[in-house]
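A short write-up of the structure that comes next.
What you see is a predicted model; the values in this text were computed from it and never measured.
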Amino acid sequence: EPEVTQTPSHQVTQMGQEVILRCVPISNHLYFYWYRQILGQKVEFLVSFYNNEISEKSEIFDDQFSVERPDGSNFTLKIRSTKLEDSAMYFCASSENLGPATETQYFGPGTRLLVL
Amino acid sequence: GENVEQHPSTLSVQEGDSAVIKCTYSDSASNYFPWYKQELGKRPQLIIDIRSNVGEKKDQRIAVTLNKTAKHFSLHITETQPEDSAVYFCAASIRGNNRLAFGKGNQVVVIP
């Protein structure tokens, strides 16, 4: 069964550094998402992406964040200048399409980001 | 914005008993309600979902019920087994919007 994959599984970085988190969505899916989960807290929506553009973003997704689909398979989340509070598990998800009701979102295994 | 609350935060059950987790949501426009199971160190896995045009859905030992009037939906696990031990997240989405709002999660512990 196809799955969403993410790399790296863990990332440690210094405050102020740029990080890029990578995701490979399921191949026939058209909608892509990033969520984050700070330790012990709920999963929070960051951004959704469709047809090579952001379709929605949350208040968390400020100018320090950007997303890109650089080729036909990868979907990346970039944090330009990391802050301590960016430490979290970052989940990528994808769904097949947007029909009359929301389609099922399949999650990747996550990247645990630690900002020191 | 949408707000999703889960109760209880932790639930311990004896193996073979039933477990029920309840979620409430605030936005009456929500029309899709998935439940995810997350085992330690693993990805959230969709276990069941329900759309607003039905009131109940069942898949073997798992069922979900939806009360649109009261704006709550519940996960029911019958004949619990140790492998059911995990964190369970409920979520709700908005009509015409793929964004999912998650609850904080319930830690379910099945005691052998």
Side-chain angles (χ1 to χ4, degrees), chain A residues 1-7 9-10 23-26 29-51 53-61 88-112, chain B residues 1-10 21 23-27 29-54 57 59 64 66 68 73 86-107:
Chain A
E1 186 176 330
E3 290 185 329
V4 176
T5 59
Q6 290 184 242
T7 54
S9 58
H10 295 79
C23 169
V24 179
I26 295 173
H29 285 190
L30 301 177
Y31 271 86
F32 316 121
Y33 315 84
W34 283 102
Y35 292 85
R36 78 170 186 191
Q37 185 180 27
I38 295 172
L39 190 63
Q41 299 186 22
K42 64 173 69 178
V43 176
E44 300 173 290
F45 170 82
L46 293 178
V47 65
S48 59
F49 190 87
Y50 172 72
N51 199 26
E53 61 183 23
I54 291 173
S55 55
E56 192 189 3
K57 58 183 180 179
S58 73
E59 57 278 4
I60 302 169
F61 194 87
M89 179 73 92
Y90 288 81
F91 291 106
C92 173
S94 69
S95 62
E96 190 168 352
N97 56 42
L98 175 61
T102 301
E103 294 299 328
T104 302
Q105 295 183 26
Y106 296 90
F107 279 71
T111 294
R112 184 166 294 284
Chain B
E2 62 277 8
N3 190 37
V4 178
E5 300 289 338
Q6 283 186 245
H7 308 278
S9 59
T10 305
I21 306 168
C23 271
T24 59
Y25 60 98
S26 59
D27 195 325
S30 293
N31 66 340
Y32 174 67
F33 308 93
W35 283 93
Y36 287 85
K37 174 184 179 183
Q38 187 178 30
E39 296 175 66
L40 190 62
K42 297 188 177 180
R43 73 185 74 202
Q45 292 271 15
L46 179 76
I47 55 172
I48 197 166
D49 56 14
I50 193 168
R51 291 185 167 86
S52 58
N53 57 343
V54 299
K57 184 176 176 181
D59 182 4
V64 56
L66 171 65
K68 288 168 55 181
F73 56 110
V87 177
Y88 291 82
F89 292 96
C90 64
S93 77
I94 305 301
R95 187 182 301 277
N97 185 329
N98 282 36
R99 173 180 184 154
L100 288 177
F102 281 81
K104 291 189 73 172
N106 296 91
Q107 176 74 58

For this session: Go through the atoms of Gln6(B) and report whether side chain, backbone, both or neither lie under 4.5 Å from a heavy atom of chain A.
Result: neither

Problem set entry | Engaged part of Tyr35(A) at the chain B interface, taking heavy atoms whose separation is under 4.5 Å | side chain

For this session: Answer yes or no: are there more than 12 heavy-atom neighbours, outside Lys57(A) itself, under 6.0 Å from its atom NZ?
Result: no

For this session: Against chain B, label Gln37(A) side chain, backbone, both or neither, depending on which of its atoms sit under 4.5 Å from a heavy atom there.
Result: side chain

Taking only distance into account, with no hydrogens and no angle test, what donor-acceptor pairs under 3.5 Å do side-chain atoms of residues 40-49 of chain B form with protein atoms, sequence neighbours excluded?
unit_1, atom_1, unit_2, atom_2, d
Arg43(B), NH1, Val4(A), O, 2.8
Arg43(B), NH1, Phe107(A), O, 3.1
Arg43(B), NH2, Glu3(A), OE1, 3.4
Asp49(B), OD1, Lys57(B), NZ, 2.9
Asp49(B), OD2, Thr104(A), OG1, 3.4
Asp49(B), OD2, Tyr32(B), OH, 2.8

For this session: Measure across Phe45(A) and Leu100(B) and return the closest heavy-atom pair with its distance rounded to 0.1 Å.
Result: CB-O, 3.9 Å

Exercise. So what's closer than 4.5 Å to chain B heavy atoms on Ser9(A): side chain, backbone, both or neither?
Worked result: neither

Problem set entry | Least distance between heavy atoms, Arg99(B) atom then Ser58(A) atom | NH2-CB, 3.7 Å

